[in-house]
> 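I'd like to ask some things about the structure below.
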Amino acid sequence: MGSVDNTSGAKVISFGCDNPSKGLPVSHADGFINDKDTGERKMTLECITASDLRTGWFALVWFNLVYPEQKGIEVFIMGAGPIATACILMLSWGAADRIKRIKVLSLSGTSAIALVKRLKDRVAVPMEATSDRGDIRLARFLVTATNAGEPVAEECEIGEGAAVLSQGIDDLPKVYIRPRLMKNGWPVGDDLYAMQERNVDPLALAYSREGEKLTVEGKRDGAINIGDILSDPATMQRLQESDSDKAFFPVGLIMYDLAINIAVMEALIEAIRTAAA
């Protein structure tokens, strides 16, 4: 549940564990927009596509933050589903001139080939499906975008000083986070308290599994919200100049979805008014 001005909203996600075997998405999402004061329903949206694209937007946000000017960046995407697709589209849309190539690796192998083929005419960056895990270590920007629910890369496979974006659940090894990232790197979240409460991303789990809290011991070890970086030019400069490991763990706040859904609603209202004029 969240609110913006006089509008409130909620997002409901329904899962079907057997859906993939039926050729259906594993989850569906509905967005509700209400009047904040009266509770009156303004609109209900099927918002899985918007939610996926919002999640992909994190890739562009993180890329622009860590590589604002550098060119020739090698990108590696682990996964070939909707989130991986959204990440690629967003990176192509907003950072194509700074990316040398995007390599895609999937658990099945065939889905990565299919993804590259499907997106080749929509993406302004050279793309390549690969099965060589040695390519992971060469990437300067690594995105884990799978629903495997377990680490998809070994600590030794992640290049020193690479920028990592965790888009899955428990998708990075603990040894990468503690001690490597927490010792000398930049562990970044979008909301440490929300991450601690949901306790599904690898950064929060690295603490909760030891009986510790991300908002206490994690902050002590250097975990920081991305908003605190964006609002402080000095901290942002230190991040961008650092050669240390950097990783972003966006938990996905309802406020993001609400902002998108409100924008969709306002665009639809304007389109209806224009058509009726």
> Answer with yes or no whether the side chains of Tyr207 and Asp221 bring together a donor and an acceptor at under 3.5 Å.
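Yes, a side-chain donor-acceptor pair sits under 3.5 Å.
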
> Indicate the atoms forming the closest heavy-atom contact of Leu119 with Met127, along with that distance.
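Minimum heavy-atom separation between Leu119 and Met127: CB-SD, 4.2 Å.
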
> Is Thr274 reaching over with its side chain to a backbone N or O of Glu270, donor-acceptor style, under 3.5 angstrom?
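Side chain of Thr274 to backbone of Glu270, a donor-acceptor pair under 3.5 Å: yes, one is there.
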
> Do the side chain of Glu46 and the main chain of Asp30 share a donor and acceptor less than 3.5 angstrom apart?
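Looks like no, no N/O pair under 3.5 Å.
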
> Which atoms form the tightest heavy-atom contact between Leu115 and Ala80, and what is the distance?
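Here Leu115 and Ala80 meet closest at CD2-CA, 3.7 Å.
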
> Is the shortest heavy-atom distance from the side chain of Pro151 to the side chain of Leu172 under 4.5 Å?
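The answer is no, as the side chains (C-beta and beyond) never meet within the 4.5 Å cut-off.
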
> Would you kindly confirm whether Leu205 and Leu214 end up in one hydrophobic cluster when ILVMFWY residues are joined by side chain heavy atoms under 4.5 Å apart?
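The answer is no; the residues belong to distinct hydrophobic clusters.
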
> If you define the side chain from C-beta out and look only at heavy atoms, does anything of Ile88 sit under 4.5 Å from Val75?
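They are not in contact (no side-chain heavy atoms under 4.5 Å apart), so the answer is no.
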
> Just wondering, more than 12 heavy atoms not from Arg122 lying within 6.0 Å of its CZ?
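Incorrect, the count does not exceed 12.
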
> Report yes if the side chains of Leu230 and Met236 come closer than 4.5 Å at any heavy-atom pair, otherwise no.
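Heavy-atom side-chain distance check passes, below 4.5 Å.
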
> Are Val143 and Ile83 joined in one hydrophobic group, where the rule is that I, L, V, M, F, W and Y side chains link up if heavy atoms are under 4.5 Å apart?
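Looking at the clustering, Ile83 is in a separate group from Val143.
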
> For Ala95, give me all partners under side chain to side chain contact (heavy atoms under 4.5 Å, CB included), at least two apart in sequence or on another chain.
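Scan of Ala95 (side chain to side chain contact (heavy atoms under 4.5 Å, CB included), adjacent residues dropped) gives Leu60, Phe63, Asn64, Arg98, Ile99.
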
> As an exercise, state the distance from CD1 of Ile262 to OG1 of Thr7, rounded to the nearest 0.5 Å.
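These two atoms lie 4.5 Å from each other.
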
> Locate the shortest heavy-atom distance separating Ser92 from Val125; write the atom from each residue and the value.
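Ser92 and Val125 have their closest heavy atoms at CA-CG2, 4.2 Å.
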
> Show the atom names and distances, to 0.1 Å, of all donor-acceptor pairs under 3.5 Å that link a side chain in residues 155-168 to residues at least two apart or in another chain.
{"from": "Glu155", "atom 1": "OE2", "to": "Arg180", "atom 2": "NH1", "distance (Å)": "2.8"}
{"from": "Glu157", "atom 1": "OE1", "to": "Arg133", "atom 2": "NH2", "distance (Å)": "2.9"}
{"from": "Glu157", "atom 1": "OE1", "to": "Glu154", "atom 2": "N", "distance (Å)": "2.8"}
{"from": "Glu157", "atom 1": "OE2", "to": "Arg133", "atom 2": "NE", "distance (Å)": "2.8"}
{"from": "Ser166", "atom 1": "OG", "to": "Asp171", "atom 2": "OD1", "distance (Å)": "2.7"}
{"from": "Ser166", "atom 1": "OG", "to": "Asp171", "atom 2": "OD2", "distance (Å)": "3.2"}
{"from": "Gln167", "atom 1": "NE2", "to": "Thr55", "atom 2": "O", "distance (Å)": "2.7"}

> Could you list the cluster mates of Val200? Members are the ILVMFWY residues connected by side-chain heavy atoms closer than 4.5 Å, either directly or through other members.
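Its cluster partners, ordered by chain and number, are Ile169.
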
> Measure the shortest side-chain to side-chain distance between Met90 and Leu53 over non-hydrogen atoms and say whether it is less than 4.5 angstrom.
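Yes, at least one pair of side-chain atoms sits under 4.5 Å.
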
> Just jot down the salt bridge (charged side-chain N to carboxylate O under 4.0 Å, His left out) partners of Lys120, sequence neighbours excluded, or say none.
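Testing Lys120 for salt bridge (charged side-chain N to carboxylate O under 4.0 Å, His left out), a comparison that skips the adjacent residues, returns none.
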
> Is Glu128 atom CD crowded by more than 12 heavy atoms from other residues, nucleotides or ligands, each under 6.0 Å away?
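More than 12 within 6.0 Å, yes.
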
> Are the side chains of Leu142 and Ile136 in contact, using a 4.5 Å heavy-atom criterion?
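Yes, side chains in contact.
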
> Do you know the tightest heavy-atom contact between Val152 and Ala148?
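Where Val152 meets Ala148 most closely, the heavy atoms are CG1-CB, 3.9 Å.
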
> Centre-to-centre under 6.0 Å for Phe58 and Tyr256, is that the case here?
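That pair passes the under 6.0 Å test.
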
> Evaluate the salt bridge (charged side-chain N to carboxylate O under 4.0 Å, His left out) criterion for residues Arg101 and Glu74: first the C-alpha distance (whole Å), next the side-chain angles of each, then the deciding distance (0.1 Å), finally the verdict.
CA-CA 5 Å; Arg101 174 175 48 194; Glu74 289 274 4; 2.6 Å; yes

> Is the closest side-chain heavy-atom distance between Met182 and Leu203 below 4.5 Å?
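They are in contact (side-chain heavy atoms under 4.5 Å apart), so the answer is yes.
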
> Looking at Cys47 and Asn261, what are the two nearest heavy atoms and their distance?
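Smallest heavy-atom distance, with atoms named: CB-OD1, 4.0 Å.
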
> If the condition is side chain to side chain contact (heavy atoms under 4.5 Å, CB included), which residues does Asp132 pass it with, not counting sequence neighbours?
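For Asp132 the side chain to side chain contact (heavy atoms under 4.5 Å, CB included) partners, ignoring immediate neighbours, are Thr130, Asp135.
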
> Which residues pass the salt bridge (charged side-chain N to carboxylate O under 4.0 Å, His left out) test with Asp97, not counting sequence neighbours?
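Testing Asp97 for salt bridge (charged side-chain N to carboxylate O under 4.0 Å, His left out), a comparison that skips the adjacent residues, returns Lys71.
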
> Is the shortest side-chain heavy-atom distance between Ile226 and Val61 below 4.5 Å?
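When only atoms from C-beta onward are counted, Val61 and Ile226 do touch, with a gap below 4.5 Å.
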
> Please name all residues satisfying side chain to side chain contact (heavy atoms under 4.5 Å, CB included) with Val251, sequence neighbours left out, ordered by chain then number.
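Applying side chain to side chain contact (heavy atoms under 4.5 Å, CB included) to Val251 gives Asp190, Ala194, Met195, Arg198, Leu253.
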
> Which residues, ordered by chain and number, are linked to Leu268 in its hydrophobic cluster, where ILVMFWY side chains connect at heavy-atom gaps below 4.5 Å, directly or through other members?
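Hydrophobic cluster check, Leu268: joined to Ile33, Met43, Leu45, Ile260, Val264, Met265, Ile269.
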
> Between Val116 and Ala129, which heavy-atom pair has the shortest distance, and what is it?
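That closest heavy-atom pairing would be CG2-N, 3.7 Å.
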
> Output yes when a side-chain donor or acceptor of Ser106 lies under 3.5 Å from a complementary backbone atom of Ala112, and no otherwise.
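Yes; at least one donor-acceptor contact below 3.5 Å.
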
> If I take atom CD from residue Glu40 and atom OG from residue Ser8, how far apart are they, to the nearest 0.5 angstrom?
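Going from the CD atom of Glu40 to the OG atom of Ser8 covers 11.0 Å.
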
> Is there a donor-acceptor pair under 3.5 Å between the side chain of Tyr67 and the backbone N or O of Phe141?
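Judged by distance alone, no pair lies under 3.5 Å.
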
> Tell me if a side-chain donor or acceptor on Ser242 pairs with a main-chain N or O of Arg238 at a distance below 3.5 Å.
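Judged by distance alone, no pair lies under 3.5 Å.
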
> List, by chain and then residue number, the residues other than Ile113 in its hydrophobic cluster (Ile/Leu/Val/Met/Phe/Trp/Tyr, side-chain heavy atoms under 4.5 Å); write none if there are no others.
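None; Ile113 is a cluster of one.
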
> Is a side-chain donor-acceptor pair under 3.5 Å present for Ser244 with Asn184?
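Their side chains do not contain a donor-acceptor pair, so the 3.5 Å distance test is not met.
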
> Test of understanding: clusters of I, L, V, M, F, W, Y form through side-chain heavy atoms closer than 4.5 Å, transitively. Do Leu258 and Phe32 belong to the same one?
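Unlinked, Leu258 and Phe32 end up in two clusters.
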
> Do other residues, nucleotides or ligands put more than 12 heavy atoms under 6.0 Å from Gln70 CD?
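Buried by this count: over 12 neighbours within 6.0 Å.
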
> Output all residues satisfying side chain to side chain donor-acceptor pair (under 3.5 Å) with Thr44, sequence neighbours left out; order by chain, then residue number.
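If we apply the side chain to side chain donor-acceptor pair (under 3.5 Å) test to Thr44, skipping adjacent residues, the hits are Arg41.
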
> How would you list all residue pairs meeting salt bridge (Lys or Arg N to Asp or Glu O under 4.0 Å) that involve residues 200-213, not counting sequence neighbours?
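Qualifying pairs, neighbours excluded: Asp170-Arg209, Lys174-Glu210, Arg178-Glu212.
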
> Rounded to the nearest 0.5 Å, what separation is found between the CH2 atom of Trp62 and the CH2 atom of Trp57?
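Here the interatomic distance stands at 13.5 Å.
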
> In Å and rounded to the nearest 0.5 Å, what is the NZ to CG distance from Lys219 to Asn225?
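These two atoms lie 7.5 Å from each other.
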
> Is any side-chain heavy atom of Lys100 closer than 4.5 Å to a side-chain heavy atom of Pro126?
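In short, these two side chains do not touch, never coming nearer than 4.5 Å.
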
> Mind checking the NZ-NZ spacing from Lys36 to Lys42? Nearest 0.5 Å is all I need.
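Answer for the NZ-NZ pair, Lys36 versus Lys42, is 11.5 Å.
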
> Check side chain to side chain contact (heavy atoms under 4.5 Å, CB included) between Ala275 and all other residues, then give those that pass, not counting sequence neighbours.
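Ala275 satisfies side chain to side chain contact (heavy atoms under 4.5 Å, CB included) with no other residue.
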
> Could you measure the distance from the CD1 atom of Ile77 to the CG atom of Leu91? Nearest 0.5 Å is fine.
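These two atoms lie 6.0 Å from each other.
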
